[in-house]
A.B. asks: 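The structure that follows is given in the form of structure tokens.
Model, not experiment: these values are computed from the prediction. In what follows, chains are A, B, ... by sequence order, proteins preceding strands, each numbered from 1.
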There are 2 protein chains.
Amino acid sequence: MMSRNPADTRTRILETAWKLLESGDKAVRMSDIAKGAGISRQALYLHFPNRAELLIAVTRHIDSVNDVDTRLAPSRAATRGVERLETFIAAWGGYIPQIHGISVALRAMQGDPEAAAAWDDRMQAVRHGCAAAIRALATDGDLREDLTEEAATDLLWVLLSVENWERLVRDCGWSQDAYLREVTALAHHALLAQSRS
Amino acid sequence: MMSRNPADTRTRILETAWKLLESGDKAVRMSDIAKGAGISRQALYLHFPNRAELLIAVTRHIDSVNDVDTRLAPSRAATRGVERLETFIAAWGGYIPQIHGISVALRAMQGDPEAAAAWDDRMQAVRHGCAAAIRALATDGDLREDLTEEAATDLLWVLLSVENWERLVRDCGWSQDAYLREVTALAHHALLAQSRS
DNA sequence: TGTCAACTTTACACTGTGTCAAGTTGATGC
DNA sequence: GCATCAACTTGACACAGTGTAAAGTTGACA
């Protein structure tokens, strides 16, 4: 028993789970994570009460590793609405690949109310970002006239969903660059009063 | 034992499963379907080899009840590209509510390769419809110049995904009418060379 | 009357999650 | 040096849901 530091073990579990989820191919059972982290399956339950909590902890771990606030800083700093929209799409769209694996696992646990709530919270956070961008657009008078701010927020939020990223990048074989480019262009055409390329 | 006709029992199973999936609230186990159809759980396996095959049979049943070909006739009959796009969105978008329940169940069975393949097939069929509409647009010269036919097909396909419908109608509380209206408008702005309302 | 097909009941194997209890082991304090 | 404690181990078990197997019931039909 080399490393007996509980914090070490915890992060090793989280990193292992992240890696396994990211690789995506399989189902990722508790025993897989335990084996990957080099501990017994039961030891997982010394660190996390159940699978849902473990997955939720993984998302928080990914967030802290990636420093979400820093990623979003350019968007918050943007002065013009269009700029804010573009930087937000770049920030969130660039973050999706990181959380894609955990997203699949969490959505597959629809049965568990805790897991559902955790994923829902994250999506609501994204929605707030969308709302802020749309509000900035509206303030500049750049929002398409026949769209409510509410409706525009919903549309942008849906457009930027992880599922859409999965479809385009994984199913359609788009590169991450192509995804960002086309989604940004689509948002322009769909949301702005007059589209400027 | 009143109705001993196997075909009757089969359709009763399919209708029951459809109804239960549509209601959406719960997990819909084999025993739920059996109870709903008024037979024993084991009798299900006299009609379907496993859960995946049953779910697939439900989708086929829904298709036959709803007569998909008739729904798509207006789209195929459309002469101009824009008209074809609009009628296709109306047809498919109007069909989504019917298959929404089974869609959730089938996607939740990602583990099962048969279920995955079945859902994939259906999505590819939708994609073909998207491709036909895009091709018609391109032929008319109405497609946005900076879009490949391929890319435009991908975008339309993603836009019309069941997941996006779920988000907008279920999560955001849009009416089916609002969904069809806004999605059609979005497709116009996103895909057409110059948007005409 | 006998046979067959649809269906029933009971029982069990398998997988994956989560719980419980009784060890083992290494660091730390005294 | 010795006890203690926390992290971890092994092994067993309950539970849910799917799928399999086997033996019995029942109604239709020839």
A.B. asks: Using a 4.5 Å cut-off on heavy atoms from C-beta on, say whether the side chain of B/L72 contacts that of B/W92.
C.D. replies: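 No, every pair of side-chain atoms sits at 4.5 Å or beyond.
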
A.B. asks: Rounded to the nearest Å, what distance is computed from the CG atom of residue B/L44 to the P atom of nucleotide D/dG19?
C.D. replies: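 Answer to the nearest Å: 10 Å.
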
A.B. asks: Less than 4.0 angstrom between a side-chain N/O of B/T9 and OP1 or OP2 of C/dA6, yes or no?
C.D. replies: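 Checking B/T9 against C/dA6: no side-chain N or O falls below 4.0 Å of OP1 or OP2.
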
A.B. asks: Ignoring the backbone of B/R51, work out which of D/dT10, D/dT18, C/dT17 is nearest its side chain.
C.D. replies: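 Output: D/dT18.
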
A.B. asks: Starting from C1' on C/dT15, measure out to CZ on B/R29 and report it in whole angstrom.
C.D. replies: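 Rounded to whole Å, this separation is 17 Å.
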
A.B. asks: Establish whether the base of D/dG17 is bridged to the side chain of B/R41 by a donor-acceptor pair shorter than 3.5 Å.
C.D. replies: no

A.B. asks: Less than 4.0 angstrom between a side-chain N/O of B/S31 and OP1 or OP2 of D/dG17, yes or no?
C.D. replies: no

A.B. asks: Please state how far atom CZ in B/F48 lies from atom P in D/dT18, giving the value in whole angstrom units.
C.D. replies: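 Taking CZ of B/F48 and P of D/dT18, I get 15 Å after rounding.
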
A.B. asks: Atom CG of A/N50 and atom P of D/dA16: how far apart are they, to the nearest Å?
C.D. replies: 17 Å

A.B. asks: Can you check whether A/H47 has a side-chain N or O nearer than 4.0 Å to OP1 or OP2 of D/dC8?
C.D. replies: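 The answer is yes; a side-chain N or O of A/H47 sits under 4.0 Å from OP1 or OP2.
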
A.B. asks: In whole Å, what is the span from the CG atom of B/L54 to the P atom of D/dG17?
C.D. replies: 17 Å

A.B. asks: Hey, are A/T139 and A/R135 close enough side-chain-wise for a donor-acceptor pair under 3.5 Å?
C.D. replies: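 No, no side-chain donor-acceptor pair sits under 3.5 Å.
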
A.B. asks: Atom CE of B/M109 to atom C1' of D/dG19: distance rounded to whole Å?
C.D. replies: 12 Å

A.B. asks: Going by atom types alone, do A/D63 and A/Y95 pair a side-chain donor with an acceptor below 3.5 Å?
C.D. replies: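 A donor-acceptor contact under 3.5 Å links the two side chains.
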
A.B. asks: Heavy atoms, side chains only, cut-off 4.5 Å: are B/D154 and B/R127 in contact?
C.D. replies: yes

A.B. asks: Could you state the atom-to-atom distance from CD1 of A/I39 to P of D/dA6 in whole Å?
C.D. replies: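 Nearest whole value for this atom pair: 18 Å.
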
A.B. asks: At under 4.0 Å between heavy atoms, what does A/L46 touch on the DNA or RNA strands: base, sugar-phosphate, or nothing?
C.D. replies: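 It contacts base atoms.
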
A.B. asks: Taking C-beta and beyond as the side chain, do B/E114 and B/M109 meet within less than 4.5 Å on heavy atoms?
C.D. replies: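 No, too far: nothing below the 4.5 Å cut-off.
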
A.B. asks: Can you figure out which of C/dT17, D/dG11, C/dT10 approaches the side chain of A/Q42 most closely?
C.D. replies: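 In terms of side-chain proximity for A/Q42, the closest of C/dT17, D/dG11, C/dT10 is D/dG11.
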
A.B. asks: Quick one: B/D112 CG to C/dT15 P, roughly how many Å, whole number?
C.D. replies: 16 Å

A.B. asks: For the side chain of B/Y45, starting at C-beta, report the closest nucleotide among C/dG18, D/dC8, D/dG19.
C.D. replies: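 Comparing C/dG18, D/dC8, D/dG19 against the side chain of B/Y45, the answer is D/dG19.
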
